[in-house]
2 protein chains.
Amino acid sequence: MYEALLNSITEKTALNENDQVLIKRYFEPVLYPKNRIIEAEGDIPKYLYFIVSGYLRLFHYDDKGDEYTTHINCPHGFFSAYTHFVNQTPSHENIECITACELLRITQADLEKLQTESEAMKTFSLSVFQESMLYNEKRANELAILSAEERYRKLIANYPDILHNVPVQYIASFLGMKPESLSRIRRKILNG
Amino acid sequence: MYEALLNSITEKTALNENDQVLIKRYFEPVLYPKNRIIEAEGDIPKYLYFIVSGYLRLFHYDDKGDEYTTHINCPHGFFSAYTHFVNQTPSHENIECITACELLRITQADLEKLQTESEAMKTFSLSVFQESMLYNEKRANELAILSAEERYRKLIANYPDILHNVPVQYIASFLGMKPESLSRIRRKILNG
DNA sequence: GAATCTACTTGACATTTGTTAGTTAATGGT
DNA sequence: ACCATTAACTAACAAATGTCAAGTAGATTC
């Protein structure tokens, strides 16, 4: 269960024995079924999650009750409404398991403790936060610059497995288009 | 010159005499003319800027040589290619003065020193970083959800002075549309 | 297993946005 | 003041995306 997490961290920074013991102590393994909402809008995010297996999404409703998916993630990555998790302020987003998920979770309080007890985790936490920032910059720029078809092509090129695990309607919403438009684009690509 | 900066910080966290002395020591005032590029793509960002007066933008070129404006900012805010400034990695964006600018600038090394010497500045720096993150999240979601006209209406509602200071083509690019489209939208709004 | 849902697709049409080309207005340099 | 350059606007048309209504297939429930 912890192997994927330890590997992810080791890619960024070396871990000694003590670091590994601390990580196993603070990160709690949890299993959730498909469609389970694990953090709800209006609440302060309780945990930062590391995805061992499965797909998660962030979503919310607008005034008209329409649902918008703003983030989709897959193994092995961290997942949270970051800014609200870090600040411990109420988030306007729900976190939902798209598939059954194996996760490792940690509270903000424990993450801070872990960072003071492990220099490696301090370094690593910063890089996770920064990557999340780069990710949003990139998403904004792609939405501004690329066409709907280009955005879809780029997504499946980077995450080829997403189609087998995530409903098309969530992907459409995440890419900033209607399901009908994505359907049209998918057909066009299939037929050459 | 320092008043706007000190006021901005005080909105978030209290400053004692010593904090204020340190801030004035580390932040260097600079003046730039219109159209001056103050950080170039390919280089590691040297400074974090606080805008006392004037407008700045972040922009880059794509493969075809087309120019894209990804960020526009006005007083009184901080400005930088944040992630690359923090990491001290080469940025792919240029920073340009759209108008003549009065700025206060600080290097990454000095910012770190300042943060160890002033607890208030440590708190404040974190909040600047987090706001930049929230900002990108918001930009991405608005690009995904709102129409071009809605994005434009929202921008001028939030920053009514931007039209008098920033060329329309930069605004169009920043909003993810072509100048001709923005021109059409502006006419439509004028004629009711 | 029948009925019911729901996700996904399809097609016709409306609307929005991009493209191209030309015009006007404003700007900057000499 | 003149010329050259660029920004902004306009118009006609093309292409992309949204909307609405309907149909199909697969899943779920009873």
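Within every chain, numbering begins at 1; the chains are lettered A, B, ... in the order of the sequence lines, protein sequences first and strands thereafter. Quick caveat, the model's predicted, so the values are computed rather than measured.
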May I have the distance from [X] (atom [atom1]) to [N] (atom [atom2]), rounded to whole angstrom?
| X | N | atom1 | atom2 | result |
| --- | --- | --- | --- | --- |
| B:Leu175 | C:dT17 | CG | P | 11 Å |
| B:Glu150 | C:dT17 | CD | C1' | 14 Å |
| B:Ile145 | D:dG18 | CD1 | P | 12 Å |
| B:Met177 | D:dT17 | CE | P | 15 Å |
| A:Leu163 | C:dT9 | CG | C1' | 15 Å |
| B:Gln169 | D:dT10 | CD | C1' | 17 Å |
| A:Leu190 | C:dC8 | CG | P | 15 Å |
| B:Glu67 | D:dT6 | CD | C1' | 13 Å |

Q) Residues two or more places apart in sequence or in another chain: which of them pass side chain to side chain contact (heavy atoms under 4.5 Å, CB included) with B:Arg184? A) B:Ser181, B:Arg187
Q: Could you list the residues that satisfy side chain to side chain contact (heavy atoms under 4.5 Å, CB included) with A:Ala100, not counting sequence neighbours?
A: none
**Q.** Residue whose nearest DNA chain C nucleotide is more 5′ - B:Lys178 or B:Lys34
**A.** B:Lys178
Q | Upstream residue (5' side of DNA chain D) when B:Pro179 and A:Glu149 are each assigned their closest nucleotide | A | B:Pro179
**Q.** is_close_aromatic(A:Tyr135, A:His71), centroid dist under 6.0 Å
**A.** yes
Q | Aromatic plane relationship, A:His76 with A:Phe50 - under 30° parallel, 30 to 60° tilted, over 60° perpendicular | A | parallel
Q | Residues B:Phe27, B:Asp110; criterion side chain to side chain contact (heavy atoms under 4.5 Å, CB included); working and verdict | A | CA-CA 9 Å; B:Phe27 275 93; B:Asp110 280 351; over 6 Å; no
Q: Test salt bridge (charged side-chain N to carboxylate O under 4.0 Å, His left out) on B:Glu117 and B:Lys113 and set out the steps.
A: CA-CA 6 Å; B:Glu117 294 171 24; B:Lys113 271 196 234 166; over 6 Å; no
(Q) Using a 4.0 Å cut-off on heavy atoms, which residues in residues 180-189 of chain B reach DNA chain D? List them by number, or say none. (A) B:Glu180, B:Ser183, B:Arg186, B:Arg187
